[in-house]
Amino acid sequence: MARQVQITGTGQLIELSRRLKAAGGPRLKANMQRRIRRAAEPLKDDLQQTIRGLPIRSEGRKTGSRGGPSPTTRPLRAMIAAAVRISVRTGASPGARVWVDKDRLPSDLRNMASVMNRADGRIRHPVFGNRRRWANNWTTPLWWDKTVARHTPRMQRQVAEVLKDVKNSLG
């Protein structure tokens with residue numbers, strides 16, 4: 001399943017959020033949000049680039065199978081890439097979250113990012129919508145998890161730096 005990514009140092013962020021609210025510093029709060037978002041942007045961009053270039057292989061046609069062009073012109077990988085989002089919160093549950101916004105995907109593809117991230121890399125689907133005939137496609141397993149793992153240490157360092165700077169400015 002494509003998991004959401006949350007950058008949190010919950011104790012520090014909650015305390016900082018309370019102090020920001022008490023200090024009434026909307027400019028400081030906006031600056032903190034912008035910097036946390038900026039820390040998550042490279043991850044979002046890399047996830048989008050990874051999904052756009054993700055190879056999807058088929059099993060090949062079986063004997064007696066007919067072929068032909070796909071009846072759909074929907075670009076699967078581009079649609080999923082466009083649905084990757086970031087949100088930054090500084091309220092009760094502060095942090096940054098990177099996720100696939102399922103509402104931005106067609107109803108029949110809402111779980112496709114999770115399916116494509118499976119450990120075995122298998123995408124099982126009905127052939128042209130025929131639920132009596134199924135096919136398998138294969139992709140790079142755990143693409144979401146591997147991309148997130150590459151970016152997590154950098155993001156944690158950047159968020160810690162943001163927290164330190166904001167704490168210093170609060171005094």
Side-chain angles (χ1 to χ4, degrees), residues 1-56 72 74-121 123 125 139-171:
M1 177 178 154
R3 294 182 211 107
Q4 62 187 353
V5 181
Q6 295 187 9
I7 301 300
T8 57
T10 52
Q12 291 176 324
L13 286 173
I14 290 172
E15 175 60 27
L16 190 57
S17 179
R18 286 185 190 131
R19 290 177 65 189
L20 281 172
K21 192 178 244 183
R27 197 176 92 222
L28 194 57
K29 183 177 177 180
N31 182 35
M32 183 174 106
Q33 283 181 315
R34 186 183 75 249
R35 289 182 63 192
I36 290 174
R37 178 177 293 278
R38 203 178 287 159
E41 283 287 340
L43 171 61
K44 175 189 169 215
D45 295 341
D46 197 15
L47 284 167
Q48 288 175 327
Q49 183 179 359
T50 301
I51 188 65
R52 283 188 185 110
L54 203 63
I56 298 177
T72 180
R74 298 181 306 175
L76 173 67
R77 290 171 281 211
M79 283 192 303
I80 294 173
V84 176
R85 294 276 177 261
I86 296 176
S87 68
V88 177
R89 299 167 318 280
T90 57
S93 176
R97 186 178 131 200
V98 180
W99 84 105
V100 174
D101 185 357
K102 292 181 179 184
D103 292 335
R104 297 190 54 92
L105 294 171
S107 60
D108 60 332
L109 297 177
R110 295 265 159 94
N111 294 323
M112 188 53 73
S114 306
V115 169
M116 292 173 75
N117 192 50
R118 288 174 40 155
D120 61 0
I123 305 168
H125 61 93
T139 189
T140 306
L142 304 173
W143 63 273
W144 178 276
D145 298 343
K146 290 175 184 176
T147 306
V148 168
R150 280 197 317 267
H151 286 269
T152 299
R154 176 196 52 79
M155 291 188 319
Q156 288 174 334
R157 279 193 314 273
Q158 288 179 337
V159 169
E161 185 179 317
V162 169
L163 293 174
K164 186 181 88 174
D165 291 349
V166 173
K167 280 182 182 179
N168 290 340
S169 65
L170 285 174

Heavy-atom count around K146 NZ within 6.0 Å, excluding the residue itself: above 12?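 Buried by this count: over 12 neighbours within 6.0 Å.
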For E41, I'd like to know if atom CD has over 12 heavy atoms of other residues, nucleotides or ligands within 6.0 Å.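 Count over threshold, so yes.
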Interatomic spacing from [atom1] in [X] to [atom2] in [Y] - rounded to 0.5 Å:
{"X": "I51", "Y": "T140", "atom1": "CD1", "atom2": "OG1", "answer": "9.0 Å"}
{"X": "L47", "Y": "R52", "atom1": "CG", "atom2": "CZ", "answer": "11.0 Å"}
{"X": "L43", "Y": "Q48", "atom1": "CG", "atom2": "CD", "answer": "10.0 Å"}
{"X": "K44", "Y": "R85", "atom1": "NZ", "atom2": "CZ", "answer": "6.5 Å"}
{"X": "D101", "Y": "I80", "atom1": "CG", "atom2": "CD1", "answer": "13.0 Å"}
{"X": "R37", "Y": "I86", "atom1": "CZ", "atom2": "CD1", "answer": "5.5 Å"}

Can you sort out the partners of R77 under salt bridge (charged side-chain N to carboxylate O under 4.0 Å, His left out), two or more places apart, ordered by chain and number?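 Not a single residue meets the salt bridge (charged side-chain N to carboxylate O under 4.0 Å, His left out) criterion with R77.
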Partner set under salt bridge (charged side-chain N to carboxylate O under 4.0 Å, His left out) for R150, not counting sequence neighbours: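 Result, salt bridge (charged side-chain N to carboxylate O under 4.0 Å, His left out) vs R150: D46.
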So do R35 and E161 actually touch side chain to side chain, heavy atoms under 4.5 Å?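 When only atoms from C-beta onward are counted, R35 and E161 do touch, with a gap below 4.5 Å.
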Would you call M116 and I56 a side-chain contact if the rule is heavy atoms closer than 4.5 Å?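 Yes, side chains in contact.
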Begin from the C-alpha positions of L105 and M112 and carry the test side-chain contact (heavy atoms from CB on, under 4.5 Å) through to its verdict. CA-CA 9 Å; L105 294 171; M112 188 53 73; 5.7 Å; no
Please say which of T147, V148, L142 ends up in a side chain to side chain contact (heavy atoms under 4.5 Å, CB included) with W144.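 Considering T147, V148, L142, a side chain to side chain contact (heavy atoms under 4.5 Å, CB included) with W144 is found only for V148.
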Dump the intermediate steps for side-chain contact (heavy atoms from CB on, under 4.5 Å) on Q158 and R38, then the final yes or no. CA-CA 9 Å; Q158 288 179 337; R38 203 178 287 159; over 6 Å; no
All side-chain hydrogen bond (donor to acceptor under 3.5 Å, both in side chains) counterparts of R34, not counting sequence neighbours: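 Result, side-chain hydrogen bond (donor to acceptor under 3.5 Å, both in side chains) vs R34: N31.
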Looking only at atom types and distance, does a side-chain atom of R110 sit under 3.5 Å from a main-chain N or O of K102, one as donor and one as acceptor?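 Yes; at least one donor-acceptor contact below 3.5 Å.
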Which atom pair, heavy atoms only, marks the closest approach of A40 to M155?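 So the two residues come closest at CA-SD, 3.9 Å.
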